[in-house]
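Just below is one structure, and these are the notes that go with it.
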Amino acid sequence: MTNQPHLPTAPTPAPDLFTWEFAANPYPAYAWLREHAPVHRTELPSGVEAWLVTRYADAKQALADQRLSKNPAHHDEPAHAKGKTGIPGERKAELMTHLLNIDPPDHTRLRRLVSKAFTPRRVAEFAPRVQELTDHLIDQFARTGSADLIHEFAFPLPIYAICDLLGVPREDQDDFRDWAGMMIRHGGGPRGGVARSVKKMRGYLAELIHRKREALPAEPTPGEDLISGLIRASDHGEHLTENEAAAMAFILLFAGFETTVNLIGNGTYALLTHPEQRRRLETSLADGDKDLLETGVEELLRYDGPVELATWRFATRPLTIGGQDIAAGDPVLVVLAAADRDPQRFADPDVLDLSRRDNQHLGYGHGIHYCLGAPLARLEGQTALATLLTRLPDLRLAADPAELRWRGGLIMRGLRTLPVEFTPVHPSTGGQ
């Protein structure tokens with residue numbers, strides 16, 4: 001028998017990015033990029049070219065690198081790309097001065113002021129209201145035996161919660177729900193519609209802040225809302241301007257609601273498609289043990305988190321990431337979803353393990369831009385998942401997983417719908 005000549009195997013072709021198939025499961029493509037092109041220049045659907053950073057170590061470095069600015073003014077953008085980074089409509093609505101778009105020292109000052117109002121204690125005191133809202137929303141569909149958990153539960157919960165926390169009057173909260181609904185459809189809806197919703201929300205917040213400032217009592221009252229806290233917060237005599245307060249309230253709403261929608265939606269979907277892990281969590285909850293719930297939500301954030309790519313960064317001068325030279329003015333997008341499945345950092349990264357302890361995931365970022373609202377999102381995620389599993393113990397998917405559609409936005413990762421079935425149950429006694 002003659003020896004066959006050894007033929008070199010052809011390299012695996014680069015995967016297509018940002019297709020519908022990619023949106024349904026981007027993780028194989030990210031695995032290819034981590035191995036073959038860990039810092040990869042690509043053209044985004046908007047036409048903007050950007051670098052994608054996919055390895056954990058490089059991602060962590062990039063998230064904390066002060067040579068990467070959050071300010072879009074540093075983008076060396078061609079004319080066709082103007083306005084295609086960031087949140088649609090925020091420039092025209094004068095909403096640029098929020099924590100996602102600025103660098104030190106302005107970022108340091110604003111974050112310190114906002115942190116005085118948005119404290120862990122304020123979030124902890126809000127826990128009973130989050131539970132009340134959660135039960136109320138489940139009550140709306142509990143006796144029907146079926147629901148779309150995105151539209152009937154995961155979407156309204158964080159909207160009503162952040163509205164309550166900010167101090168938006170109940171009679172105005174449905175308007176916020178409508179505006180947020182338009183914003184969350186930005187992957188498939190008209191871009192102009194997002195900008196109009198941003199403008200309406202900005203106008204409303206400016207008016208609400210002005211009214212609250214006029215009526216603000218000299219001393220804080222128990223349970224004071226977050227907008228009043230933002231107005232009251234001061235640092236060496238400095239206060240937030242009304243523009244800054246409006247921008248901050250807007251970004252707390254914008255950044256806070258869609259991430260939590262996706263945390264609840266993606267998390268529920270992961271549990272429904274991993275029955276052994278779900279059973280472990282249900283047993284733990286039945287025993288009154290919250291430990292697995294806490295580590296479990298962190299694992300769900302790592303495994304299929306709500307934020308696929310960190311928000312825009314722009315190189316202020318030439319730099320090197322992961323051996324790749326990046327020019328001044330180039331946009332850089334850190335792919336959190338890829339970094340959090342990096343086998344160099346996480347054992348068995350494609351396995352869902354709710355009891356995973358070594359879990360320094362990047363789901364809420366890293367460095368000075370670490371998500372300010374992470375404690376609120378964790379509270380909402382833990383409350384929503386625990387209550388769903390406890391009140392609807394035979395909850396199950398009502399669709400083939402292959403039929404589910406994922407929103408095609410750039411930054412966020414979440415399901416469009418999540419149809420479920422369960423044995424009808426009587427509503428709880430809680431009200432909104």
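Bear in mind the structure is a predicted one, so any value in this text is a computation, not a measurement. Heavy atoms only: backbone and side chains are in, while hydrogens, waters and symmetry mates are out.
The cationic atom of Arg341 (NZ for Lys, CZ for Arg) lies less than 6.0 Å from the six-membered ring centre of Tyr303 and within 45° of the ring axis. Judged by the 6.0 Å distance and 45° axis criteria, Arg413 is positioned over the aromatic ring of Trp406.
The aromatic ring centroids of Tyr30 and Phe22 lie less than 6.0 Å from each other.
Considering only heavy atoms from C-beta on, Tyr364 stays 4.5 Å or farther from Val307 through its side chain. Within the 4.5 Å cutoff, the side chain of Phe126 has heavy atoms near those of the Asp164 side chain. Put simply, the side chain of Thr259 reaches to within 4.5 Å of the side chain of Met412, judged on heavy atoms. Counting only heavy atoms from C-beta outward, the side chains of Arg356 and Phe346 approach each other to under 4.5 Å. Considering only heavy atoms from C-beta on, Met182 stays 4.5 Å or farther from Arg196 through its side chain. Within the 4.5 Å cutoff, the side chain of Glu298 has heavy atoms near those of the Arg378 side chain. Contact annotation: the side chain of Thr260 never approaches that of Leu157 to less than 4.5 Å [non-hydrogen atoms, C-beta and beyond]. Annotation: side chain of Leu385 is in contact with side chain of Leu300 (closest heavy-atom distance under 4.5 Å).
Taking 4.0 Å as the cut-off between side-chain N and carboxylate O, Glu132 and Arg129 count as a salt-bridged pair. Ion pairing of Asp340 with Arg345 is absent here, as no side-chain N (NZ or NE/NH1/NH2) approaches a carboxylate O to less than 4.0 Å. Look at Glu125 and Arg121 and you find a salt bridge, because one of the NZ, NE, NH1 or NH2 atoms lies within 4.0 Å of a carboxylate O, short of that distance. Ion pair Lys212/Asp225 flagged as a salt bridge, since at least one NZ, NE, NH1 or NH2 atom sits closer than 4.0 Å to an Asp/Glu carboxylate oxygen. With respect to Glu282 and Arg278, a salt bridge is recorded, a charged nitrogen being found less than 4.0 Å from a carboxylate O. Salt-bridge check for Arg41 with Asp330: passed, with a basic side-chain N closer than 4.0 Å to an acidic carboxylate O. In this structure, Asp291 pairs ionically with Arg357, as a charged nitrogen and a carboxylate oxygen lie closer than 4.0 Å. Between Arg280 and Glu276 there is no salt bridge, since none of the side-chain N atoms of the basic residue sits less than 4.0 Å from a carboxylate O of the acidic one.
Here the CG atom belonging to Leu415 is positioned 5.5 Å from the CG atom belonging to Leu404, to the nearest 0.5 angstrom.
Annotation for Thr54 and Ala37: closest pair OG1-O, 4.4 Å, computed over non-hydrogen atoms. Here the closest heavy-atom approach between residue Leu292 and residue Ser284 is recorded as CB-OG, 3.6 Å. Here the shortest heavy-atom pairing between Pro158 and Val261 reads CG-CG2, 3.8 Å.
In this pair, Trp312 and Phe314 present their aromatic rings parallel. The plane angle is below 30°, not in the 30 to 60° band.
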> Checking side chain to side chain contact (heavy atoms under 4.5 Å, CB included) for the pair Phe422/Arg391: CA distance, chi angles, key distance, verdict?
Replying inline: CA-CA 10 Å; Phe422 48 87; Arg391 291 193 55 187; over 6 Å; no
>> Pair Asp178, Lys200 - check salt bridge (Lys or Arg N to Asp or Glu O under 4.0 Å), show working.
In response: CA-CA 11 Å; Asp178 291 344; Lys200 287 177 182 175; over 6 Å; no
> Given the rule in the side-chain hydrogen bond (donor to acceptor under 3.5 Å, both in side chains) test, do Asp350 and Tyr27 qualify, once you have shown the distances and angles that lead to the verdict?
Replying inline: CA-CA 9 Å; Asp350 295 321; Tyr27 296 103; over 6 Å; no
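Around the CD atom of Gln344, the shell of radius 6.0 Å holds no more than 12 heavy atoms that belong to other residues, nucleotides or ligands.
Between the side chain of Ser69 and the backbone N or O of Asn71, at least one donor-acceptor pair lies under 3.5 Å. Side chain of Asp394 to main chain of Thr423: a donor-acceptor pair is present (N/O by atom type, distance under 3.5 Å, no hydrogens or angles). Side chain of Arg55 to backbone of Val53: no donor-acceptor contact under 3.5 angstrom is found. A distance-only check finds a donor-acceptor pair linking the side chain of Thr295 to the backbone of Leu354 [under 3.5 Å].
Every residue was checked against the salt bridge (Lys or Arg N to Asp or Glu O under 4.0 Å) condition with Arg279, not counting sequence neighbours, and none meets it. For Asp287, there are no salt bridge (Lys or Arg N to Asp or Glu O under 4.0 Å) partners two or more places apart in sequence or in a different chain.
The closest side-chain donor-acceptor pair between Gln360 and Tyr56, if any, does not fall under 3.5 angstrom.
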